[in-house]
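Values below: all heavy atoms of this structure, side chains included; hydrogens, waters and symmetry mates excluded.
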Amino acid sequence: QLQLVESGGGSVQPGGSLRLSCLVSGSTSDYYAIGWFRQAPGKEREGISCISLSSNFPNYGDSVRDRFKISRDNAKNTVDLQMSSLAPEDAATYYCAAAPWSSFKVPCGMDWSAYGSWGHGTQVTVSS
């Protein structure tokens with residue numbers, strides 16, 4: 001089975017940066033991509049970014065395209081999300097999830113319904 005564990009959340013001042021990591025354990029043979037999502041209280045789940053497990057071609061949501069960067073670290077088995085210029089509206093619980101081959105598309109999608117094997121999330125707070 002595939003297990004995803006998010007880490008790196010915390011409190012940061014506006015304009016600051018955080019790096020989130022999604023540790024991927026187990027077999028990834030049934031999955032083609034890893035995505036990052038976030039959800040704040042009272043708001044819908046939002047796709048942030050995704051990346052293929054077999055390439056470095058990423059996809060980004062419009063709200064974070066200029067500020068966030070997704071990457072894979074194969075040595076550590078992580079998919080990382082570098083977040084910069086953070087603002088209060090970025091505060092949320094951030095989740096990573098794996099997309100199965102049955103939902104394969106290029107570039108990888110950011111529709112939450114296409115993902116499975118969700119992690120439990122890591123919380124990001126942006127406050128002065």
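- Nearest heavy atoms, Pro107 versus Phe57: CB-CE2, 3.9 Å.
- For Arg67 against Asp90, the heavy-atom pair with the smallest separation is NH1-OD2, 2.7 Å.
- Considering only residues two or more places apart in sequence or on other chains, Tyr94 meets the side chain to side chain donor-acceptor pair (under 3.5 Å) condition with Arg38.
- In terms of hydrophobic clustering, with Ile, Leu, Val, Met, Phe, Trp and Tyr side chains grouped at heavy-atom distances under 4.5 Å, Leu81 and Leu53 are assigned to a common cluster.
- Of all the heavy atoms in Ala114 and Ser103, the pair that sits closest is O-OG, 3.1 Å.
- In this structure, CD1 on Ile48 lies 10.0 Å from CG on Leu20, to the nearest 0.5 angstrom.
- In this structure, CD on Gln13 lies 7.0 Å from OG on Ser128, to the nearest 0.5 angstrom.
- Here the rule is side chain to side chain contact (heavy atoms under 4.5 Å, CB included) with Asp80, and of Ser21, Ser7, Cys96, Cys22 only Ser21 fits it.
- If you run side chain to side chain contact (heavy atoms under 4.5 Å, CB included) between Val79 and each of Leu4, Asn74, Ile51, only Ile51 comes through.
- Annotation: ring pair (Phe, Tyr, Trp, His ring centres under 6.0 Å) contacts of Tyr60 (sequence neighbours excluded): none.
- Judged as a side chain to side chain donor-acceptor pair (under 3.5 Å), and not counting sequence neighbours, the contacts of Asp111 are Ser113.
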*Worked check of ring-ring contact (aromatic ring centres under 6.0 Å, His included) between Phe37 and Trp118*: CA-CA 10 Å; Phe37 300 80; Trp118 292 81; 4.9 Å; yes
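- By the side chain to side chain donor-acceptor pair (under 3.5 Å) test, Arg45 pairs with no residue at all, sequence neighbours left out.
- Separation of atoms CG (Asp62) and CD (Glu46) is listed at 9.5 Å; rounding is to 0.5 Å.
- Atom NZ of Lys69 is separated from atom CZ of Arg19 by 9.5 Å, given to the nearest 0.5 angstrom.
- In this structure, OG1 in Thr28 is found 8.0 Å from CD1 in Ile34, a value given to the nearest 0.5 Å.
- Cluster membership for Leu86 and Tyr95, using ILVMFWY side-chain heavy atoms within less than 4.5 angstrom, is not shared.
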*Dump the intermediate steps for side chain to side chain contact (heavy atoms under 4.5 Å, CB included) on Val24 and Tyr31, then the final yes or no.*
CA-CA 11 Å; Val24 182; Tyr31 303 90; over 6 Å; no
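- Partners of Asp66 under the side chain to side chain donor-acceptor pair (under 3.5 Å) rule, at least two apart in sequence or in another chain, do not exist in this structure.
- Panel note: side chain Gln39, backbone Ala92; no donor-acceptor pair is recorded below 3.5 Å.
- By the 6.0 Å contact criterion, CD on Glu89 is enclosed, its count of non-hydrogen atoms from other residues, nucleotides or ligands being greater than 12.
- Minimum heavy-atom separation, Leu2 to Ala98: CD2-CB, 3.5 Å.
- For Tyr115 (side chain) and Gly109 (main-chain N/O), a donor-acceptor pair under 3.5 Å exists by modelled atom type.
- A single hydrophobic cluster is seen to contain both Trp36 and Val12, as judged by linkage of ILVMFWY side chains at heavy-atom distances under 4.5 Å, directly or through other members.
- Ring geometry for Trp101 against Tyr32 counts as tilted: the plane angle lies between 30° and 60°, on a 0 to 90° scale.
- Sorted by first and then second residue, the pairs that involve residues 42-90 and meet disulfide (SG to SG under 2.5 Å), not counting sequence neighbours, are Cys50-Cys108.
- In terms of modelled atom types and a separation under 3.5 Å, the side chain of Ser49 and the main chain of Asn59 share a donor-acceptor contact.
- In this structure, Asn77 CG and Arg72 CZ are separated by 11.0 Å, a value rounded to the nearest 0.5 Å.
- The hydrophobic cluster containing Val64 does not contain Met110, counting ILVMFWY residues as joined when their side-chain heavy atoms lie under 4.5 angstrom apart, directly or transitively.
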